[in-house]
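What you see below is based on every heavy atom in this structure, not just the backbone, and it leaves out hydrogens, waters and symmetry mates. Note that the structure is predicted; figures quoted are calculated from it, not measured. Per chain, numbering begins at 1; letters A, B, ... match sequence-line order.
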Number of protein chains: 2
Amino acid sequence: MEKLQEERIRTRNVRRILDAATEVFARKGFDGTRITEIAEASGLPKANVYYYFGSKDDIYRAAIARLIQGWDEALEEIALEKDPAEAFTRYVTAKLRLSHQHPTESRLFANEILRGAEFLTEQERKHIRDVTNYRVAVIEAWIAAGKIVQVDARHLLIMLWAATQFYADFQPVVRDALGNRNLESADFDAAARCIADTILAGLIPRDSEPT
Amino acid sequence: MEKLQEERIRTRNVRRILDAATEVFARKGFDGTRITEIAEASGLPKANVYYYFGSKDDIYRAAIARLIQGWDEALEEIALEKDPAEAFTRYVTAKLRLSHQHPTESRLFANEILRGAEFLTEQERKHIRDVTNYRVAVIEAWIAAGKIVQVDARHLLIMLWAATQFYADFQPVVRDALGNRNLESADFDAAARCIADTILAGLIPRDSEPT
DNA sequence: TCAGAAATTGAACTTTTCGTCAACTTATTC
DNA sequence: GAATAAGTTGACGAAAAGTTCAATTTCTGA
């Protein structure tokens, strides 16, 4: 078998399996997921799934790793270094776009955290800490420069994370709260506006000049 | 067996089972939970668990029902009819206290939603809708009265719900974000202040008089 | 004290699930 | 076109899980 073709078949099947696994793991959690269900959802026989992955653990770890890598790529350009108002707005918009277009990945992450984050590697957790610390520093620099009012940067970031993630993880609740209909782009736009406007209105100083 | 004593034994064992079940279901989800694990966590033999509950489904439904009832009792006094600033502050504080003192119940609810909310009864979902609708009406009345600025009431409520629930459901992430230590009361106080202050600062009009 | 109700529990039964394997087909290289 | 590597798959064994049951113990009211 020629190398390129080999890679194509393998890559395609691995992707199919991970797509299916992400969906099932997100819904039922690690312990609740049956390999058979992943196999059916990916359109491959169970034994073929085992041809590509050694165990359920392996599939789960691979799905988590892929999800974190995907988030990184999607969010790495959303730096908080520019104008605070624009930075917060872009961040909220980008995260809500992820919640809209990739809710399954978000739910898998939520499930892993509910499990106690046992499968997150120390490297992955350190990465999350680093990203947070970097942004905390940016926000505190903004505060020092008088661009935004005094605020607890860590809790502010948590609030933004929570508000945007909620639309992916708690979609049934959000649907009920918005009037029992499917969520559309307009809903995510409205959410972005509400979150950004409310937070920015509280953060941007009105009466004081930057020092 | 005398009626009162009978009730006492039954009630005590049912509570033990539901306590254990809530913890395990919250961590592993419905499909991932083993009856044996509930039995061990409750200190009863597996067959004794089946003496009180007919099936795994029954235990799960009972745990969900109890959790919603508990939330109701804890939150029913947090009406939004008073002064907006005080109402929002009290609501945020109360929900964060729940996140602090009963994170397991919160996580069980999160897991049920991730599952697709299949086990929530129509009655329970309607109750959530009713509570939301009532508060939306209150907020819109405040807007009409000029007590707060124009805002999408439904997304505002979602933002408050998300920000407060996050501290229970995503505790490992929150810990990492706050510097890798266990969460204490002071952290929840700081969170309440950050959420309430930021949102209120954006909501309370500064330049305009109420009409 | 004693009859009957409630509660307890070890063991068994049935079904499901993980993971393996050997046989088979398809693709690739020379 | 033959040899070899990659991919496919039905069937199976071992282990685990949900549920039941019958036998036993504990409790309670009279």
Exercise for the section: May I ask you to say whether A/Glu122 pairs ionically with A/Arg129, meaning some side-chain N is under 4.0 Å from a carboxylate O? Expected result: yes
Exercise for the section: Describe the nucleic acid contact of A/Lys46 in one word from base, sugar-phosphate, nothing, applying a heavy-atom distance below 4.0 Å. Expected result: base
Handout entry: Under 4.0 angstrom between B/Asn13 side-chain N/O and C/dA6 OP1 or OP2
Key = no
Problem - Value in whole Å for how far the C1' atom of D/dC27 lies from CG of B/Asn48 - result: 15 Å
Handout entry: Lys/Arg cation over aromatic B/Phe30: B/Lys56, 6.0 Å, 45° cone
Key = yes
Handout entry: Rounded interatomic separation in angstrom, taking CG from B/Leu44 and P from C/dG10
Key = 12 Å
Practice task
Answer yes when A/Asp130 and A/Lys126 have at least one side-chain N-carboxylate O distance shorter than 4.0 Å, and no when they do not.
Solution key: yes
Exercise for the section: Measure the distance from CG on B/Asp58 to P on D/dG18 and round it to the nearest whole Å. Expected result: 14 Å
Exercise for the section: Could you walk me through whether A/Asn111 and A/Arg27 pass the side-chain contact (heavy atoms from CB on, under 4.5 Å) test, one step at a time? Expected result: CA-CA 8 Å; A/Asn111 227 316; A/Arg27 203 151 29 83; over 6 Å; no
Completion exercise
From CD1 of A/Ile35 across to P of D/dA15 the rounded distance in Å is 19 Å
Practice task
Please state how far atom CD in B/Glu37 lies from atom C1' in D/dA16, giving the value in whole angstrom units.
Solution key: 13 Å
Exercise for the section: Write down the distance between CD1 (A/Ile17) and P (D/dT9), rounded to a whole number of angstrom. Expected result: 12 Å
Fill in the blank from the handout: Per atom distances to the A/Lys56 side chain, the nearest of D/dT19, C/dC18, C/dT9 is C/dC18
Fill in the blank from the handout: Whole-Å distance, B/Tyr50 OH to D/dC21 C1', equals 14 Å
Practice task
Using a cut-off of strictly less than 4.0 Å, decide whether B/Arg10 has a side-chain nitrogen or oxygen near OP1 or OP2 of C/dA7.
Solution key: yes
Handout entry: Nearest-Å distance for atom pair CZ/P, residues B/Arg34 and D/dA17
Key = 5 Å
Exercise for the section: Nearest-nucleotide wise, let me know which of A/Thr36 and A/Ala47 is further upstream toward the 5' end of DNA chain C. Expected result: A/Thr36
Problem - Short side-chain N/O contact to D/dT8 OP1/OP2 from A/Tyr51, under 4.0 Å - result: no
Practice task
Check whether any side-chain N or O of A/Tyr52 sits under 4.0 Å from OP1 or OP2 of D/dT8, and answer yes or no.
Solution key: yes
